[in-house]
Amino acid sequence: MLGQWQGRFSGYSSGQLTIEIDENHSVYSGRICVFEDNNPIGVFVANFRTDDKQPVQKLKVHVSIQRHGSATEIPSQEFAQLAPNVTFPDTANVEIVLRQRGLRVTATTFVQQQPIGKLSAVLTKGSAEKPSKLKTNRKINSWDKFKTMVGQLEPDRYVFRGQSVGFRLRTSFHRTNRRDLFRFVSIDVPQLHATVTSKTNHYFDFRDDKQYAAFCNLLQHHGYPTPLLDWTHSPYVAAFFAYRERFSGDPKRKVRIFKFDSQAWQRDYHQIYSLVNVHPHFSFMTPVALENPRALPQQALCSITSVDDVESYLETAGTQMGKSYLEVFELPYSDRVSVLTELRLMGVAAGSLFPGIDGACEELKFKNFVF
């Protein structure tokens, strides 16, 4: 049952339904978001916690209506002005059944204990946990061909990401046993703010969206799981991260470098910077590099997403627009030493990308020990 489940619902109303379910020891917890068609006022939201991990769960939940893109509840007085003579549910009886083909959800909603009607849906969670199915560009299969290709690209149109392993494009947050983004925003981030701020010279003011984004990006750069993905404007920085890790074993091992047409994506799709009460999205942002000296030398930017299965989401979006935004190249890992040596001569090395003692030691370790 763990996962991010999405799909259409129908009944006395219709729209999009998202359920994010976390696994907490012997129980599940999570959040239900109902995006009703033709309802510009807000999002219906319900938090829940089960008593066990059985595949059938019957829940009685409190329903609130909150603002789009914010976990802020809309006051009843504002309701009356926005939708006079309209009543909204305040509770619901929800049944969630885990089946082979998805999650079957049925709900009866109530206003002051009086039933309104029933809703139902069958939700799916995509292929986020399955191996990547992205087709690689087989024409660009060597370091020399990759350099030639990127040298001919339109400047500043594309961004790049390097991965030392061929796993699916997915955020570090979604690779954990966590899916509930509201929990991340409402619990993790304030907890980290209280701890991390004591170790920085800058106090991050979360009333400023730019500082909030900068703080989350700082967490990402220091290893905390976030719903962000790191990208760079430099194909050579991406190559460094693809080849950085040392492995032994399979002589046919490949590394991956992603090329994303960010200019076209940002032109075709509205960019959203919220993680809660939003439809599925994948958006780019360039946070201010507060307390983050790595950002500038890495020519860094990041994507923020409410989507677990990023690859399927991007593929569907590309099909809808008749475009291919994302391309991936696989290069032989056996070239690692020669590629990293060439990158170091170009100034792309651990010492420059990670200012400080750790970066200097990593660079000299590679130089002197040929790791």
Is the backbone of [Y] close enough, under 3.5 Å, to the side chain of [X] for a donor and an acceptor to pair up by distance?
| X | Y | value |
| --- | --- | --- |
| T171 | P227 | no |
| E362 | D358 | no |
| T176 | R178 | yes |
| S352 | G347 | yes |
| S164 | E245 | no |
| S274 | G69 | yes |
| T232 | Q298 | yes |

Is any side-chain heavy atom of [X] less than 4.5 Å from a side-chain heavy atom of [Y]?
| X | Y | result |
| --- | --- | --- |
| V159 | L301 | yes |
| K139 | K145 | no |
| V45 | V63 | no |
| P89 | F44 | yes |
| L17 | Q6 | no |
| V288 | Q211 | no |
| Q220 | D230 | yes |
| V196 | L219 | yes |

Has [X] got more than 12 heavy atoms of other residues, nucleotides or ligands less than 6.0 Å from its [atom1]?
| X | atom1 | result |
| --- | --- | --- |
| D156 | CG | no |
| L296 | CG | no |
| N177 | CG | yes |

Among pairs that include at least one residue of [range], which meet salt bridge (Lys or Arg N to Asp or Glu O under 4.0 Å), considering only residues two or more places apart or in two chains?
| range | value |
| --- | --- |
| residues 68-90 | R67-E78 |
| residues 313-333 | R256-E330, K259-E327, D268-K323 |
| residues 105-116 | none |

Under 3.5 Å, which donor-acceptor pairs link side chains of residues 102-118 to any protein atom two or more places apart or in another chain?
unit_1: R104; atom_1: NH2; unit_2: E95; atom_2: OE1; d: 3.3
unit_1: T109; atom_1: OG1; unit_2: Y12; atom_2: OH; d: 2.7

**Cation-aromatic face contact R336/F247, 6.0 Å, 45 degrees** = no
**Prompt:** Could R161 and F258 be counted as a cation-pi pair, given that NZ or CZ must be under 6.0 Å from the ring centre and within 45° of the axis?
**Reply:** no
**Asked** Quick one: which of Y269, Y313, F35 gives a ring-ring contact (aromatic ring centres under 6.0 Å, His included) with H279?
**Response**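 Result for ring-ring contact (aromatic ring centres under 6.0 Å, His included) with H279: F35.
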**For Q4, all residues meeting side-chain hydrogen bond (donor to acceptor under 3.5 Å, both in side chains), sequence neighbours excluded** = E20
What's the shortest heavy-atom distance between [X] and [Y], and which atoms?
| X | Y | value |
| --- | --- | --- |
| F160 | V150 | CE2-CG1, 4.3 Å |
| S172 | P225 | OG-CA, 3.3 Å |
| F206 | V189 | CE1-CG1, 3.5 Å |
| L169 | E311 | N-OE2, 2.9 Å |
| F173 | D180 | CZ-O, 3.8 Å |
| S132 | G166 | CB-O, 3.9 Å |

**Request:** Would you check if there is a donor-acceptor pair between the side chains of Y224 and D188 at a distance under 3.5 Å?
**Result:**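 Present: a donor and an acceptor within the cut-off.
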**Request:** Using only heavy-atom distances, determine whether the side chains of H202 and T200 contain a donor-acceptor pair under 3.5 Å.
**Result:** no
**Message:** One pair to check against side chain to side chain contact (heavy atoms under 4.5 Å, CB included): Y236 and M346. What are the steps and the verdict?
**Reply:** CA-CA 9 Å; Y236 301 109; M346 295 164 61; 3.5 Å; yes
**Message:** Assess the residue pair V27 and D52 against the criterion (side chain to side chain contact (heavy atoms under 4.5 Å, CB included)); give the C-alpha distance rounded to whole Å, side-chain angles, the decisive distance to 0.1 Å, and a yes or no.
**Reply:** CA-CA 5 Å; V27 301; D52 52 42; 5.6 Å; no
**Prompt:** Out of N292, T286, L290, which one pairs with N217 under the side chain to side chain contact (heavy atoms under 4.5 Å, CB included) rule?
**Reply:** N292
**Rounded distance (nearest 0.5 Å) linking atom CZ of F182 with atom CD of Q66** =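 Output value for this atom pair is 6.5 Å.
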**Item:** Rounded distance [0.5 Å steps], CD1 in I41 versus CG in L82
**Value:** 5.5 Å
Identify whether [X] and [Y] are in the same connected component of the hydrophobic contact network (ILVMFWY, side-chain heavy atoms under 4.5 Å).
| X | Y | result |
| --- | --- | --- |
| V43 | F88 | no |
| W5 | L59 | yes |
| F215 | L181 | yes |
| V307 | L314 | yes |
| W231 | Y325 | yes |

**Message:** side chain to side chain contact (heavy atoms under 4.5 Å, CB included), that's the test. Do L353 and V237 meet it? Break it down for me.
**Reply:** CA-CA 8 Å; L353 299 178; V237 171; 4.1 Å; yes
**Prompt:** Can you check side chain to side chain contact (heavy atoms under 4.5 Å, CB included) on H68 and V278, steps first, answer last?
**Reply:** CA-CA 6 Å; H68 287 277; V278 290; over 6 Å; no
**Item:** Test salt bridge (charged side-chain N to carboxylate O under 4.0 Å, His left out) applied to D309 and R170, R168, R175, the passing residue
**Value:**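 Exactly one candidate clears the test, R168.
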**Message:** Go through it in stages, so that I can follow the logic: the residues are D250 and K252, the test is salt bridge (charged side-chain N to carboxylate O under 4.0 Å, His left out), and I'd like the CA-CA distance, side-chain angles, deciding distance and then a yes or no.
**Reply:** CA-CA 5 Å; D250 185 4; K252 296 182 180 179; over 6 Å; no
**Prompt:** Between F204 and Y212, is the gap from one ring center to the other below 6.0 Å?
**Reply:** no
**Aromatic ring proximity F282/F260, centre distance under 6.0 Å** = yes
Taking NZ, NE, NH1 and NH2 as the nitrogens, is one of them in [X] or [Y] under 4.0 Å from a carboxylate oxygen of the other?
| X | Y | answer |
| --- | --- | --- |
| R157 | D261 | yes |
| R8 | D37 | yes |
| D208 | K210 | no |

**Item:** Option among R183, R31, R179 that satisfies the side chain to side chain donor-acceptor pair (under 3.5 Å) test with D22
**Value:**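 Looking at R183, R31, R179, the match for D22 under the side chain to side chain donor-acceptor pair (under 3.5 Å) is R183.
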**Item:** Residue list, side chain to side chain contact (heavy atoms under 4.5 Å, CB included) with P190, at least two apart or on another chain
**Value:**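 None.
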